[in-house]
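See below for the structure under consideration.
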Amino acid sequence: MFSGIVERVGIVERAERAASGLHLSIESGFEAGPPAPGASVSVNGVSLTVERAEGGRFDAVAVAETLRVTTLGALRAGDRVNLERALRVGDEVGGHWVQGHVDGVGRVTAVRRDAGDARVTIEVPEAMRRFVASKGSITVDGVSLTVAAWEDPLLTVALVPHTLACTTASEYEPGRLVNLESDLVARALERLLEARGLLERGSDNPLPGRTA
């Protein structure tokens, strides 16, 4: 579990394809040293398991399914990535509960910069649009953000100077693909309503005449 507060922007030192997936070696720059083997690290919003750690870098593998549903397959040596280590019991949750399980890949359609701030508009995949709400939470490339505006299928987020300086968001331009994770609470509520017969599967509207 993560909180969507990026600790470091790492640098991909190696990205090699193999039968088992994409093998990544990432320079993390974590102040406390690299995470231990077996630990989970969010890489651009994708939870990966550390296979080896040495010096200031760690190795991880993104398997075929991960490459299919995220943007990690496009990573190349030299690319910058958002990094966050898994939360420990008692850690502050500065953003919101984030699983590191990407729901879909969005596409940046517009970037408007004003002084040190920026407003970024993203087209949301159809399957996850029902979970988006104005002023709700959304995770973009591992960054916990608030939906500033929502006009299906486009959401807009406002990025303050600190976020732009401490994440890869400063690199966003129209056409860029980003990993999106919807709010965990919204997904859990949908499953609960479906299980209790209050919501048709795949529908946004409660069934008429039904009560809990």
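Hydrogens, waters and symmetry mates are skipped; everything else that's a heavy atom, side chains included, is used. Residues: numbered from 1 along the sequence shown.
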Option among Glu181, His96, Gln99 that satisfies the side chain to side chain donor-acceptor pair (under 3.5 Å) test with Thr139:
His96

Determine whether Leu67 and Val102 fall in the same hydrophobic cluster, where Ile, Leu, Val, Met, Phe, Trp and Tyr are linked whenever their side-chain heavy atoms lie under 4.5 Å apart.
yes

For Glu173, is the CD atom crowded, meaning more than 12 foreign heavy atoms sit under 6.0 Å from it?
yes

Side-chain donor or acceptor of Glu51 paired with backbone N/O of Val61 under 3.5 Å
no

Kindly say whether Arg52 contributes a backbone atom to a donor-acceptor pair with the side chain of Asp59 at under 3.5 angstrom?
no

With distance as the sole criterion, is a donor-acceptor pair present between the side chains of Thr71 and Asn179 under 3.5 Å?
yes

Considering residues at least two apart in sequence or located in another chain, which fulfil the side-chain contact (heavy atoms from CB on, under 4.5 Å) criterion with Ala36?
none

What is the minimum heavy-atom distance between Ala15 and Leu24, and which atoms define it?
CB-CD2, 3.8 Å

Co-membership, hydrophobic cluster, residues Phe58 and Val46, 4.5 Å side-chain:
yes

Check the surroundings of atom CD in Glu65: do more than 12 heavy atoms from other residues, nucleotides or ligands lie under 6.0 Å from it?
yes

Nearest non-hydrogen partners of Gly100 and Phe2, listed with the distance:
N-CD1, 4.1 Å

Please find the pair of heavy atoms, one from Met128 and one from Gly104, that lie closest to each other, and give the distance.
SD-N, 4.0 Å

Work out which heavy atom in Asp183 is nearest to a heavy atom in Ser137; give both atom names and the distance.
CB-O, 3.8 Å

Can you name the nearest heavy-atom pair linking Val98 to Met1, along with the distance?
O-SD, 3.2 Å

Ignoring hydrogens and angles, tell me if any N or O in the side chain of Lys135 forms a donor-acceptor pair with the backbone of Ala148 under 3.5 Å.
yes

Counting neighbours of CZ on Arg113 that are heavy atoms of other residues, nucleotides or ligands and sit closer than 6.0 Å, is the number greater than 12?
yes

Are Val12 and Leu72 co-members of a hydrophobic cluster defined by side-chain heavy atoms under 4.5 Å apart?
yes

If you count every heavy atom of other residues, nucleotides or ligands that lies below 6.0 Å from Glu171 atom CD, does the total exceed 12?
yes

Of all heavy-atom pairs between Ile11 and Arg80, which one has the smallest distance, and what is that distance?
CD1-CG, 3.6 Å

Under 6.0 Å from the CG atom of Asp114, do we count more than 12 heavy atoms belonging to anything else shown?
no

Hey, any chance Val157 and Val124 share a hydrophobic cluster, counting ILVMFWY side chains that come within less than 4.5 Å of each other, even indirectly?
yes

